Amino acid sequence: MCGIVGYIGHRNAVPILVKGLEHLEYRGYDSAGIACLNLEKENLFIKKEKGKLSELKRELEKHPAYAQIGIGHTRWATHGEPSKLNAHPHVDDKSKIILVHNGIIENHSDLKRELQAKGHRFFSGTDTEVAVNLIASYYKKNNFVEAFRKAISRLQGFYAFVALDKSDPDTLYVFKRSNPLVIGLGKGENFVASDTPALLPFTSDVVFLEDDEYAVLTKDKVKIFSLATGRMIKRHSTRIKWNMAQAQKGGYPHFMLKEIYEQPTVLQEAFNRITNKEDVIRFENMTPRIENRLRKIRKVFMVSCGTAYHAGLTGCLWMEQNAGIPSEARVSSEFRYQKPIVTKNDLVILITQSGETADTLAALREAKTHGAMTLAVVNVLGSTIAREADYTIYTHAGPEIGVASTKAYTAQLVTLVFLSLYMARIKKTLSSRQIAGYLDSIRKLPKACSKALKQSTAIINCAKHQYRRHSFLYIGRGVNFPVALEGALKLKEISYAHAHGYAAGEMKHGPIALIDKNQPVICIAPHSKTRDKMLSNVEEIRARKGIVIAIGTENDKELKKISSYFIPVPKVDESLSAIIAVIPLQLFAYHVAVLNRRDVDQPRNLAKSVTVE
Ligand code: F6R
């Protein structure tokens with residue numbers, strides 16, 4: 001949460017910082033600000049505004065600035081309400097040091113008391129102001145690095161910093177502990193940001209900072225040091241293959257819609273990447289040693305949050321059915337505190353789009369303390385979880401900017417189904433023929449996904465009739481139960497309507513009491529062993545005059561007849577139907593949100609990357 005940027009070079013820093021923040025706004029958007037040091041006039045320029053980046057941009061148009069070094073921030077409030085006063089950057093009470101910060105300083109109250117006793121004054125409600133005053137309190141003889149290191153050694157928690165020293169307008173200082181920071185390399189200029197999309201307009205060559213490393217950036221050099229030893233570290237740069245077009249809307253009104261429509265391509269690319277002509281499933285960087293370890297796995301945990309947790313629920317079903325390995329999906333924030341019974345014979349799979357989710361990262365570290373093998377399914381290249389896991393499979397869905405996850409989810413699903421088949425091969429639970437048959441079904445998914453996307457007219461029609469309702473139920477069975485949870489999450493996060501997903505068999509155990517003529521129920525009932533049971537659920541809802549919005553296989557006349565709305569999806573293999581059935585639910589959530597005039601890509605109170613507990 002929160003996005004931070006920094007620039008030093010030969011160009012005007014202001015538009016560069018603003019452009020970077022535009023690409024980080026998904027991380028938080030309750031206020032934004034920049035600070036620049038004007039070399040010629042030797043003065044500090046700070047502009048902050050409450051609200052979205054557009055507010056800050058408006059102010060910057062009225063008060064243009066020119067500087068060749070600066071830092072910027074887009075905020076998701078943790079300590080201190082969203083306000084101009086609490087917006088970053090923050091300065092110490094003598095305005096010597098300027099800081100932007102992502103994360104939480106856990107011992108900020110104690111430190112604040114200590115600093116107050118020494119005469120420091122505070123104006124905001126943020127923990128960042130404590131950090132910047134602490135750095136200032138150690139600042140002597142223009143030795144910023146020493147002050148920075150001393151302060152960091154006392155700041156508990158997880159955070160990333162970009163800082164300026166007013167007396168040294170030729171240097172940017174950055175530090176990372178658990179929260180992400182990427183350095184972008186240019187010619188006669190260097191950049192830093194919380195995430196690579198903010199760097200892509202300027203450079204594709206990046207260096208990932210590791211935890212407890214700080215870096216000193218001038219326009220011509222980037223030097224990385226270990227916090228513990230103070231020694232310089234050599235780090236090779238990485239070339240990012242994502243391009244700018246992928247990080248733009250490309251004619252769509254919202255990133256979310258663009259990302260929904262990218263799903264056939266994401267599925268096709270996953271298929272091309274992971275399988276070869278001989279129907280062999282291969283993952284990048286797999287080694288015989290890793291395969292050997294995987295062969296010995298007795299139990300699998302899939303640990304993740306939100307949408308990624310829903311992918312984990314489905315992934316566990318596949319892992320059990322295909323590879324015969326007992327599998328459990330757990331929510332990361334629970335897993336990390338549950339004292340889970342995990343052994344060295346277990347595989348803990350961390351599923352995460354961003355690769356930075358604080359609870360999932362903590363779960364990964366917890367799993368490691370038990371000696372378990374850790375495998376990350378991650379979208380963002382070079383992210384912390386990707387780097388810390390024993391083995392990482394990238395989902396390669398491209399940048400996902402919309403806060404509501406769509407293409408990253410289907411990419412996670414298809415990766416997990418491939419992983420279950422890979423495990424089935426090495427565990428010998430499925431024959432080569434069976435696996436080849438399964439791959440034939442997966443091969444059909446991109447086309448089926450394109451076809452499902454063609455139903456947008458029927459979905460918009462249904463959304464137009466139902467968008468004012470305040471409560472929605474979603475029900476499904478088997479692989480489509482997690483889809484019900486995911487459909488409900490999508491709707492609530494971007495439309496703010498209450499939505500709840502249930503296993504359809506649970507209806508009679510409580511939720512059926514909610515059914516009346518005003519209650520829409522989205523019934524996910526594609527062709528499957530349990531389709532008839534779903535039809536009984538539909539009848540029960542109808543008998544109580546509920547509004548049935550059915551997702552069914554395209555030729556299912558019977559279901560169509562008993563539903564208030566029928567959204568057809570193409571027939572695919574039952575166990576893969578989750579990957580297709582979610583498409584109309586994403587579109588439904590999107591159109592309900594648009595009709596309610598919600599901010600689809602940046603829904604209130606949310607941020608894309610949850611880097612605090
Ligand atoms: C919902 C959504 C969130 C994320 C969750 C985990 O649309 O995007 O629920 O799935 O915050 O994030 P990652 O996958 O980055 O760990």
Side-chain angles (χ1 to χ4, degrees), residues 1-6 27-28 30-35 37 44 46-48 50 71-140 142-168 172-181 192 194 211-214 227 358 607 610-613:
M1 330 206 102
C2 298
I4 56 183
V5 287
R27 301 176 67 86
D30 60 44
S31 58
I34 61 164
L37 287 174
L44 170 64
I46 299 190
K47 189 63 67 196
K48 330 188 210 189
K50 182 179 171 195
I71 59 181
H73 188 274
T74 178
R75 181 168 187 249
W76 187 89
T78 56
H79 293 68
E81 57 169 16
S83 69
K84 191 166 168 172
L85 187 68
N86 287 331
H88 298 216
H90 285 279
V91 290
D92 65 290
D93 61 356
K94 308 265 175 349
S95 295
K96 283 186 194 155
I97 315 269
I98 310 102
L99 185 73
V100 287
H101 158 216
N102 165 210
I104 289 180
I105 311 294
E106 286 166 358
N107 56 339
H108 67 100
S109 307
D110 293 347
L111 291 171
K112 188 170 181 175
R113 272 192 294 277
E114 180 185 316
L115 289 163
Q116 276 167 331
K118 289 185 187 156
H120 284 263
R121 289 168 307 138
F122 290 88
F123 305 95
S124 78
T126 65
D127 49 352
T128 313
E129 205 186 2
V130 176
V132 73
N133 274 284
L134 188 69
I135 301 170
S137 75
Y138 289 122
Y139 188 79
K140 282 185 193 94
N142 286 352
N143 193 341
F144 182 86
V145 167
E146 201 42 38
F148 200 45
R149 287 187 65 197
K150 276 192 180 148
I152 287 165
S153 69
R154 298 209 49 212
L155 294 166
Q156 290 165 13
F158 301 109
Y159 47 87
F161 287 151
V162 184
L164 292 173
D165 171 358
K166 200 178 161 198
S167 66
D168 176 15
L172 268 181
Y173 299 91
V174 307
F175 173 76
K176 166 184 158 41
R177 176 175 290 159
S178 271
N179 285 16
L181 262 193
V192 61
S194 299
D211 279 354
D212 283 342
E213 288 177 355
Y214 65 93
L227 179 73
V610 184
T611 52
V612 293
E613 268 192 64

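Note that this is a predicted model, so its numbers are computed, not measured.
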From CD1 (Ile98) to CG (Leu164), nearest 0.5 Å: 4.5 Å

With Asn143, which residues qualify under side-chain hydrogen bond (donor to acceptor under 3.5 Å, both in side chains), at least two apart? none

Tell me, please, which residues at least two apart from Lys48 pass side-chain contact (heavy atoms from CB on, under 4.5 Å). Ile46, Ala87, His90

Looking at every heavy atom in both Ala131 and Leu155, which two are closest together, and how far apart are they? CB-CD1, 4.1 Å

side-chain contact (heavy atoms from CB on, under 4.5 Å) partners of Ala163, counting only residues at least two apart: Leu99, Phe144, Phe148, Tyr173

Within the structure provided, determine whether Asn86 and Arg75 are in side-chain contact (heavy-atom separation under 4.5 Å). yes

Apply salt bridge (charged side-chain N to carboxylate O under 4.0 Å, His left out) to Glu114 and list each qualifying residue two or more places apart in sequence or on a separate chain. Lys118, Arg154

Atom pair OG1 (Thr74) and NE2 (His88), whose distance is rounded to the nearest 0.5 Å: 10.0 Å

Between CG on residue Leu172 and CG on residue Leu37, distance to nearest 0.5 Å: 9.0 Å

Which pairs count as side-chain hydrogen bond (donor to acceptor under 3.5 Å, both in side chains) when at least one residue sits in residues 92-101, sequence neighbours excluded? His101-Thr128

Do Lys176 and Asp211 meet the salt-bridge criterion of a basic N to acidic O distance under 4.0 Å? yes

Donor-acceptor contact present, side-chain Asn102 to main-chain Ala160, <3.5 Å: no

Using modelled atom types and a 3.5 Å cut-off, is there a donor and acceptor pairing between side-chain atoms of Ser31 and backbone atoms of Lys84? no

Working to the nearest 0.5 angstrom, can you tell me the gap between Asn133 CG and Leu111 CG? 11.0 Å

Point-to-point distance, once rounded to the nearest 0.5 Å, from NZ of Lys166 to CD1 of Ile97: 11.0 Å

Listing request: all ring pair (Phe, Tyr, Trp, His ring centres under 6.0 Å) pairs with a residue in residues 105-131, at least two apart in sequence or in separate chains. His79-His108

For the residue pair Val145 and Tyr214, establish whether any side-chain heavy-atom pair is separated by less than 4.5 Å. yes

Can you give me the closest heavy-atom contact between Ala151 and Ile135, atom names plus distance? CB-CG1, 3.6 Å

Classify the side-chain pair Tyr139/Asp165 by whether it contains a donor and acceptor separated by less than 3.5 Å. yes

Any donor-acceptor N/O pair, Arg149 side chain to Leu227 backbone, under 3.5 Å: yes

Answer yes or no: is there a side-chain heavy-atom contact under 4.5 Å between Leu115 and Leu134? yes

Evaluate the side-chain proximity of Phe161 to Ile152: yes if any heavy-atom separation is below 4.5 Å, no if none is. yes

Should the heavy atoms of other residues, nucleotides or ligands under 6.0 Å from NZ of Lys112 be counted, would the total exceed 12? yes

Measure across Asn142 and Ser167 and return the closest heavy-atom pair with its distance rounded to 0.1 Å. OD1-OG, 3.9 Å

For the atom pair OG1 (Thr126) and CD1 (Ile104), what is the distance rounded to the nearest 0.5 Å? 12.0 Å

Report yes if some heavy atom in the side chain of Leu181 is under 4.5 Å from a heavy atom in the side chain of Ile4; otherwise report no. yes

Here the pair of heavy atoms bringing Asn179 nearest to Gly103 is ND2-CA, 3.1 Å

Where is the tightest heavy-atom contact between Asp212 and Phe175, given as atom of each residue plus distance? OD1-CZ, 3.4 Å

Asp30 (side chain) donor-acceptor with Pro82 (main chain) under 3.5 angstrom: no

